[in-house]
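What you see is a predicted model; the values in this text were computed from it and never measured.
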Amino acid sequence: QVQLVESGGGLVQAGGSLRLACTASGPTFGSVTMGWFRQAPGKEREFVAAIAWSNGNTFYGDSSRGRFTISRDNAKNTVYLQMNSLKPEDTAVYYCAIRTSSARITLSEAYDSWGQGTRVTVSS
């Protein structure tokens, strides 16, 4: 079973930046996708970004495209989410997850294992 541990959340002012990290341990990552989701209080979990581990192809949700960048470090088994130009509406708990199936990449149901989440708070 893959274990995922997120880090890097915190409090930041609007317009600021944060970098989240998700380190994975467990099976090899030849054909998996790593994704970031977020969930704000009272809202459904939302797709933020994903990256294919094998070739580095990236995917972004509408709310993150142009401001956030997902990347990976194969040697460290770590995925990063660089978040710039943060807005108060980015406030949420951010989760990383791993997808081993071919189900739709933006659906949380497509992901098999989840981290515990890291909280991001953006003040206005």
Is there side-chain contact between Val79 and Ile51, with heavy atoms separated by less than 4.5 Å?
yes
Looking only at heavy atoms, the pair that brings Ser124 and Ala14 closest together is CA-CB, 4.3 Å
**OP:** Using a 4.5 Å cut-off on heavy atoms from C-beta on, say whether the side chain of Phe47 contacts that of Phe59.
**Re:** yes
>> Would the distance check show the side chain of Ser85 and the main-chain N or O of Arg67 forming a donor-acceptor pair, the cut-off being under 3.5 Å?
In response: no
For residues Arg45 and Tyr95, determine if any side-chain heavy atom of one lies less than 4.5 Å from a side-chain heavy atom of the other. yes
Note: Leu11 and Ser123 closest approach over all heavy atoms is CD1-CB, 4.3 Å
Query raised in the report: Any side-chain donor paired with an acceptor under 3.5 Å for Ser63 and Glu46?
Result: yes
When every non-hydrogen atom of Tyr94 is compared with those of Arg38, the smallest separation belongs to OH-NH1, 2.9 Å
ask   = Under 3.5 Å, is there a donor-acceptor pair between the side chain of Glu6 and the main chain of Gly117?
value = yes
Review point. Can any side-chain N or O of Gln39 pair as donor or acceptor with the backbone N or O of Ala92 at less than 3.5 Å?
Key: no
- Query: Any chain of hydrophobic side-chain contacts (each under 4.5 Å) joining Tyr60 to Phe37?
  - Reply: no
Please evaluate residues Gln82 and Ser71 with respect to the criterion side-chain hydrogen bond (donor to acceptor under 3.5 Å, both in side chains), reporting the C-alpha separation (whole Å), side-chain torsions for both, the decisive distance (0.1 Å), and the verdict. CA-CA 8 Å; Gln82 178 67 43; Ser71 62; over 6 Å; no
Closest non-hydrogen contact found for Tyr111 with Ala50 is OH-CB, 3.8 Å
Single-linkage hydrophobic cluster, 4.5 Å side-chain cutoff, Leu4 and Trp114 together | no
Do Thr118 and Leu20 come within less than 4.5 Å of each other through their side chains, counting heavy atoms only? yes
Residues Ala49 and Leu81: closest non-hydrogen pair is CB-CD1, 4.1 Å
Quiz question: by atom type and distance under 3.5 Å, do the side chains of Thr78 and Asp73 form a donor-acceptor pair? no
message: I'd like to know whether CZ of Arg119 has more than 12 heavy-atom contacts from other residues, nucleotides or ligands below 6.0 angstrom.
response: no
> Is there a side-chain contact between Tyr80 and Ile70, using heavy atoms and a 4.5 Å cut-off?
Replying inline: no
Non-hydrogen side-chain atoms of Met83 and Arg19 separated by less than 4.5 Å = no
Exercise for the section: Show your reasoning for whether side-chain hydrogen bond (donor to acceptor under 3.5 Å, both in side chains) applies to Asn84 and Ser17. Expected result: CA-CA 4 Å; Asn84 298 328; Ser17 299; 2.9 Å; yes
Heavy atoms of Met34 and Cys22 approach each other most closely as CE-SG, 4.1 Å
Notebook entry, point to check: Going by atom types alone, do Thr121 and Thr91 pair a side-chain donor with an acceptor below 3.5 Å?
Noted result: no
